[in-house]
Amino acid sequence: MSEWWTYELSDFLLFSDRVYIRLFELHNAALWPAQIGTLLLGCAILYALLRPGQSGARFVPLALGVLWIGIAWTFFWQRYATINWAAPYIAPLFMLQGVAFIALAAGPGLALPGSAKRPLGYLAAVSLLLLCLFAYPVLAPALGRPMATAEVFGIAPDPTAAATLAVLAACRGRERWLLMIVPLLWSALTGLTLWTMGAQEALVAPTCALAAGAMAVACRSADRGA
Amino acid sequence: MASTEPTRRAMLLGGTAAAAALAGPPAWAQPATAQSLIARPIPSSGEPLPIVGLGSWITFNVGNDPKLLDESAAVVAAFVEGGGRMIDSSPMYGSAQATIGYALRKLGPPAHVFAADKVWISDGARGREQIEQSRALWGIRRFDLMQVHNLLTWEKHIETLLEMKASGQVRYIGITTSEGRRHSEFERVMASRPLDFVQVSYNVLDREIEARILPLARERGIAVIVNRPFRQKDLIRHVERHPLPTWLTETGAKSWAQFLLKFVVSNPVVTCAIPATTRVDHVRENLAAARGMLPDAALRVRMADYVKQL
């Protein structure tokens, strides 16, 4: 790209906020009532993190893998690609994340906190997951938009990426650091998109990502200290 | 019926519109007749083109949203009903080409639309293929104007466009840039290739093209399309916090948008400005800037100075 320094973020924004908001309205309408199912799945993931033992070690990555692949297909390929020619390039990343989770489920599973000592970072991560499941969808009405435009875990990429980071922050094992890369990248990208659009919620996804990263580091430090 | 200066008839119509504005709703909020638009000739052919067209950057990228597609179609319908001709798009603008195609199918499509699009692909060998895809999305027989978008792979694409023009597959060819980028290279292409059109960014605050590109366009007989006359709405947001000048009527404008647009299209070297909008009332307001009086050189200086000090 010639004279790249002359470009601003707004030069890469292809659509207006009204189109972006309508995108979620149409997406929710097309998938309803899947939102109930994905929220229940989110609750099951939360329960797996809270209970002692490793019985959910395969279920959690399997559920997350299915949701990430679902978003790659239904949101990026079928929906977002209609207004953003860059979306088909993002979809494979979400697909890759989903496949990685499923591979983990087929292999050793995700190292859940189980019966180990639960540090403050773990409690914070579980709280963040709770917020991603139940507070993220009410952001839309809180900002004066119809509930039909809500971004729901497992349906929309932002709450799914934030919730995934929260789950990974609460877990153990080296693989979780690798699994954080795509959600972190997406959180940064969506933050920039919303910021350029002048959306009030622009900082929500990046803040969740930073918080989850800090929680993961806090959990690791506590594990090492134990 | 091309003209570089407002005709007596246009001035009378402008006066009528002003009287109507005093009597009731703004004149630009109502449908207007095609005959009243000021037109300028395309230098390479003499074909007259109304000085206000319709852009599609961001505004028509609505995907397959049926509600927004219908809203966009209403904008195109109001533009065509108001006598507008040039509609401009690009493969870079997401679903904008498909939206225009949807609107034109809904309308008929109207014979007098001047279809302008761009080729935007780094592989020079695939230019024709992309142009054909664009044509299918618009649903038209051929493009009136095909431009090389932001000078991307321009050497190869211009060769292709010259061949297409020679065989009657497009009527005019051109190059584009925006936000003042690559002007030196742009000037070299203008000086060395037989272009019908150039497209550049120009507004009351961003006037760099006045120094070299506009004089070169006049010298070479190249039509000038102006994109982003409102700096993508930023300029309107900036000025609308301030009072309109007390001497507004001297410009022929009735609103800030018309003030800004009249500044652009009153430059005699500018052939057509292409503001984009999502609203029917705004497209009518923009078209109304192509009626009535246009500021002269002295008034243009005063307009630029006024906005600069806001």
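These numbers come from a predicted model, not from an experiment. Labels below follow one simple rule: chain letters A, B, ... track the order of the sequence lines, proteins then strands, and each chain is numbered from 1.
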Flag yes if more than 12 heavy atoms outside [X] fall under 6.0 Å of its [atom1] atom; otherwise flag no.
{"X": "Trp73(A)", "atom1": "CH2", "value": "no"}
{"X": "Lys233(B)", "atom1": "NZ", "value": "no"}
{"X": "Tyr47(A)", "atom1": "OH", "value": "no"}
{"X": "Trp195(A)", "atom1": "CH2", "value": "no"}

Please output the residues of [range] in contact with chain B, using a heavy-atom cutoff of under 4.5 Å, in numerical order.
{"range": "residues 143-158 of chain A", "result": "none"}
{"range": "residues 81-100 of chain A", "result": "Thr82(A), Ile83(A), Trp85(A)"}
{"range": "residues 16-36 of chain A", "result": "Ser16(A), Arg18(A), Val19(A), Arg22(A), Leu26(A)"}

Proximity breakdown for Thr59(B) and chain A, heavy-atom pairs closer than 4.5 Å:
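Thr59(B) touches chain A through backbone heavy atoms alone.
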Of all residues at least two apart in sequence or in a different chain, which pass the ring-ring contact (aromatic ring centres under 6.0 Å, His included) check with Tyr93(B)?
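Trp57(B), His149(B).
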Top contributor to chain A interface from Thr278(B), Asp65(B), Val62(B) [non-hydrogen pairs under 4.5 Å]:
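Among the listed options, the one with the most contacts to chain A is Asp65(B).
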